[in-house]
Enquirer: 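Could you have a look at this structure, given as structure tokens, before my questions?
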Amino acid sequence: MERTGEARFEERFAELSLRERDVLQLMAKGLSNDEIAQQLFISPHTVKNHVSRIYQKLGIDDRTKVVIWAVRLGLVSLTSDEPDSDAPG
């Protein structure tokens, strides 16, 4: 029996390290490499390395496609962890 595209991607996403998953989560929220570096207290070069490894492991070289697959499979959340500044209170 042949695996579906989703099953293949789930297996590939399972190969990501915890730090690569952190980077992917921030990519999904629309942060640039520089913003991700600031958020994770690492250098932009290190972020670039993580992004490259994510692309390599997933076999995708497009940032948007990586994020779409991660969201589609429920591997990242697009909800903000920060309180909404417009919320009453």
Side-chain angles (χ1 to χ4, degrees):
M1 179 167 37
E2 193 172 317
R3 293 177 302 188
T4 66
E6 285 193 20
R8 265 195 317 271
F9 275 105
E10 284 185 63
E11 290 174 8
R12 291 177 184 176
F13 277 103
E15 296 176 11
L16 298 179
S17 70
L18 291 176
R19 183 55 97 181
E20 289 164 348
R21 289 172 185 257
D22 291 341
V23 169
L24 180 57
Q25 179 68 47
L26 295 174
M27 288 169 61
K29 292 184 178 186
L31 274 64
S32 69
N33 287 358
D34 287 339
E35 292 168 328
I36 292 170
Q38 291 174 3
Q39 186 91 17
L40 298 178
F41 303 102
I42 58 179
S43 76
H45 181 75
T46 300
V47 173
K48 184 178 177 183
N49 287 340
H50 286 309
V51 172
S52 293
R53 289 185 52 98
I54 291 168
Y55 291 166
Q56 179 183 18
K57 288 180 180 182
L58 301 181
I60 303 173
D61 63 357
D62 181 275
R63 192 178 191 102
T64 303
K65 287 181 184 178
V66 167
V67 170
I68 289 171
W69 270 106
V71 171
R72 181 177 181 184
L73 296 173
L75 302 172
V76 298
S77 170
L78 298 180
T79 59
S80 176
D81 295 329
E82 298 176 11
D84 187 354
S85 60
D86 295 335

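No experiment lies behind these values; they were computed from the predicted model shown.
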Enquirer: Could you state the interatomic distance from OG1 (T46) to CZ (R19), rounded to the nearest 0.5 Å?
Expert: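 That separation rounds to 9.0 Å.
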
Enquirer: Does the side chain of F13 come within less than 4.5 Å of K57's, by heavy atoms?
Expert: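 Of all side-chain heavy-atom pairs linking F13 with K57, none is under 4.5 Å.
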
Enquirer: Do V47 and Q39 come close enough that some side-chain heavy atom pair is under 4.5 Å?
Expert: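 No, side chains not in contact.
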
Enquirer: Output the distance between atom NZ (K29) and atom CG (L26), rounded to the nearest 0.5 Å.
Expert: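 Output value for this atom pair is 6.5 Å.
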
Enquirer: So does N49 have more than 12 non-hydrogen atoms from other groups sitting under 6.0 Å from CG?
Expert: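 Above 12, so yes.
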
Enquirer: If you group Ile, Leu, Val, Met, Phe, Trp and Tyr by side-chain heavy-atom gaps below 4.5 Å, do I54 and I68 land in one group?
Expert: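 No, I54 and I68 fall in different hydrophobic clusters.
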
Enquirer: Not counting sequence neighbours, which residues clear side-chain contact (heavy atoms from CB on, under 4.5 Å) with E35? List them please.
Expert: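 Once residues adjacent in sequence are excluded, the partners of E35 under the side-chain contact (heavy atoms from CB on, under 4.5 Å) criterion are L31, S32.
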
Enquirer: List for me each residue that meets side-chain contact (heavy atoms from CB on, under 4.5 Å) alongside R72, sequence neighbours excluded, and say none if there are none.
Expert: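 Residues passing side-chain contact (heavy atoms from CB on, under 4.5 Å) with R72: E6, W69.
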
Enquirer: Taking the side chain as everything from C-beta on, heavy atoms only, tell me whether M27 gets closer than 4.5 Å to V76.
Expert: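 The answer is no; the side chains never approach within 4.5 Å.
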
Enquirer: Of the non-hydrogen atoms in V67 and A28, which two are nearest, and what is the gap between them?
Expert: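 Scanning both residues, the minimum pair turns out to be CG1-CA, 3.6 Å.
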
Enquirer: Can you name the nearest heavy-atom pair linking L16 to L24, along with the distance?
Expert: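 In this case the closest contact between L16 and L24 is CD1-CD2, 3.9 Å.
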
Enquirer: Tell me, which pairs form a salt bridge (Lys or Arg N to Asp or Glu O under 4.0 Å) where one or both residues lie in residues 38-55, sequence neighbours left out?
Expert: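 Found E20-R53.
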
Enquirer: Are H50 and I42 close enough that some pair of their side-chain heavy atoms sits under 4.5 Å apart?
Expert: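 In contact.
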
Enquirer: Looking only at heavy atoms, what is the nearest atom pair of A37 and P44, with distance?
Expert: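 Of all heavy-atom pairs spanning A37 and P44, the closest is CB-N, 3.6 Å.
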
